Amino acid sequence: MMRRFLPLVLFTCAAAFAHADKIVLVAGTGTAEKDVPAAQCALHEPFCTEFTPEGDMVIDEMEHGNRVLKVGKDGILHVIAGTGAKGATGDGGPATAATFNGIHNFVVLRNGDLLLADSFNSLLRRIEARTGVVTTVAGGAKKGFAGDGGPAKDALFSTLIEIALNPAGTKLYCADIGNRRVRCIDLATNIITTVAGNGKAGVPADGAEAVNASLLDPRAVRPDAEGGFYILERNGNALRYVDAAGKIKTVVGTGAKGLSGDGGPGLQATMNGPKYIALDRDGSVLIADAENHVIRRYSPKTGLITRVTGTGKPGNGGLNGDPLQCQLRRPHGVTVGPDGALYITDSYNDRILKIER
């Protein structure tokens, strides 16, 4: 009897293994600077990866690179913005001749234009897809808090750390970390307003009005399809949610530093310096828990948190296998590609990884 069932057992195991997730390298770890296959190129502190409407991969580099890169269908990596030097120059001219200072992330508009969080310049800048010209959309030459209720061009930020579009592509949410606020630009009117945070440091009470609540340090923001948005707090070690009625609550994190709780309720989990969030196609929240060197997933349907990839210890081993056995080093980005695969910006390993599902 055992021999009769053994082939079936082996076939089932083999099928399960064949369909297991696998993590692979897609860019970085090479020596070339540009114009060769992406996996042969050197990346310099990549922080964010997104995709154009045509399916090209775009990567930004933070202050060790200060560039924006594009990988086309042919797999070749090209520089589309930044000389590599730190600065805030080049408006009105080609983005390739411009300088930036610590681009934390960017979004891709439906027409292919890029909006960049030029963070250490406290500027929101645009790269026009058709011409390659760079301009400043919002922010000034100095840090500050100004402009609410008026045009975004007159606004001031205190380190514009990350930005995100709502699903309709009509509103741009801005994590203004130094001002302890989340602000929103209506892209039709260009009017900017505060949607969360009163500028004071503190942990918001569940059920409070988000615009009147204290925040610790809103590091990332991500709107959902329900009219609400998530806020990730780096030193707060928490994920918060603001619903369509403007009420805030904590959904992940006790506030303590740690790496615990996988498989259990998000409210009982600990994180350590989380840096970035994205939404998967099922509405779950992907969290780059950077100082824990892992990517995690929070399900709003179940309230549970699970591990997606990373061992919890820094390193670069474990490629081409089980994502849970792959070592990361301070990942700052995660996104869902056009193919449904997850792309991990493994920042301090200077590489982009893909989880093939």
Side-chain angles (χ1 to χ4, degrees), residues 27-34 38 41-50 57-71 77-91 94-107 114-127 134-144 156-164 174-179 217-221 232 234-235 273-277 288 290-291 293 314 316 328-335 343-352:
T29 75
T31 57
E33 289 296 317
K34 59 181 180 177
C41 283
L43 299 181
H44 308 286
E45 202 179 11
F47 255 48
C48 176
T49 304
E50 296 290 348
M57 182 169 65
V58 182
I59 305 163
D60 79 52
E61 297 175 322
M62 229 272 284
E63 60 179 339
H64 290 166
N66 289 308
R67 302 183 302 171
V68 182
L69 317 167
K70 181 184 283 188
V71 181
L77 182 146
H78 302 285
V79 177
I80 61 170
T83 65
K86 291 181 184 180
T89 63
D91 276 2
T96 50
T99 58
F100 304 88
N101 189 2
I103 307 166
H104 268 72
N105 86 314
F106 61 93
V107 299
L114 303 184
L115 294 178
L116 309 177
D118 191 0
S119 299
F120 298 151
N121 285 325
S122 291
L123 298 176
L124 175 66
R125 301 174 80 181
R126 179 192 295 264
I127 299 173
V134 62
T135 55
T136 291
V137 175
K142 61 180 181 178
K143 290 183 180 181
L156 292 179
F157 300 104
S158 183
T159 309
L160 176 61
I161 200 83
E162 282 186 4
I163 56 178
C174 306
D176 189 359
I177 193 168
N179 284 318
D217 58 346
R219 176 59 162 74
V221 60
L232 188 67
R234 178 183 60 194
N235 292 323
K275 299 294 194 326
Y276 194 85
I277 45 178
E291 305 306 322
H293 317 287
N316 60 8
L328 308 174
R329 193 182 300 273
R330 299 187 74 202
H332 279 72
V334 55
T335 195
Y343 288 77
I344 313 300
T345 311
D346 190 10
S347 303
Y348 284 73
N349 277 324
D350 295 318
R351 64 188 183 179
I352 309 299

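None of the values given here were measured: they were computed from a predicted structure. Scope of the values below: all heavy atoms of this structure, side chains included, with no hydrogens, waters or symmetry mates.
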Determine whether the aromatic ring centres of Tyr276 and His332 lie less than 6.0 Å apart.
no
Determine the minimum heavy-atom distance between Leu116 and Ile163, stating which atoms define it.
C-CD1, 4.1 Å
Paired with Lys86, the side chain to side chain contact (heavy atoms under 4.5 Å, CB included) test is passed by just one of Asn101, Asn121, Thr99, namely Asn101
Asp91 side-chain N/O to Thr136 backbone N/O, donor-acceptor pair under 3.5 Å:
yes
Taking all non-hydrogen atoms of both residues, which atom of Ser158 and which atom of Asn179 are closest, and how far apart?
N-ND2, 3.3 Å
Do you know which two heavy atoms are closest between Leu69 and Val79, and how far apart they sit?
CD2-CG2, 3.7 Å
Looking at every heavy atom in both Ala27 and Met57, which two are closest together, and how far apart are they?
CB-CE, 4.4 Å
If I compare all heavy atoms of Lys275 with all of Ala290, which pair ends up nearest, and what's the gap?
CG-CB, 3.3 Å
Does some side-chain heavy atom of Lys143 sit less than 4.5 Å from a side-chain heavy atom of Thr159?
yes
Using a 4.5 Å cut-off on heavy atoms from C-beta on, say whether the side chain of Glu45 contacts that of Tyr348.
yes
Here the gap from Lys142 atom NZ to Ser122 atom OG, rounded to the nearest 0.5 Å, amounts to 12.0 Å
Taking side chain as C-beta onward, heavy atoms only, is His64 less than 4.5 Å from Asp350?
no
Should the pair Arg234-Glu291 be classified as a salt bridge under the 4.0 Å nitrogen-to-oxygen rule?
no
Ala95 and Phe100: which non-hydrogen atoms are nearest, and at how many Å?
O-CE1, 4.2 Å
Just how far is it from atom CZ of Phe157 to atom CG of Asp176, taken to the nearest 0.5 Å?
6.0 Å
Taking the side chain as every heavy atom from C-beta outward, state whether Arg125 and Phe106 have any pair of such atoms under 4.5 Å apart.
no
Tell me if a side-chain donor or acceptor on Asp118 pairs with a main-chain N or O of Leu123 at a distance below 3.5 Å.
no
Who pairs with Thr335 by side-chain hydrogen bond (donor to acceptor under 3.5 Å, both in side chains), at least two apart in sequence or on another chain?
Glu50
Please test Asn349 against Asn316 for side chain to side chain donor-acceptor pair (under 3.5 Å), starting from the C-alpha separation and ending with a verdict.
CA-CA 7 Å; Asn349 277 324; Asn316 60 8; 4.6 Å; no
Minimum side-chain heavy-atom gap Leu114-Val58 below 4.5 Å
yes
Side-chain heavy-atom pair Leu43, Leu77 within 4.5 angstrom cut-off:
yes
In this structure, CD1 of Ile103 is separated from CD of Glu63 (nearest 0.5 Å) by 11.5 Å
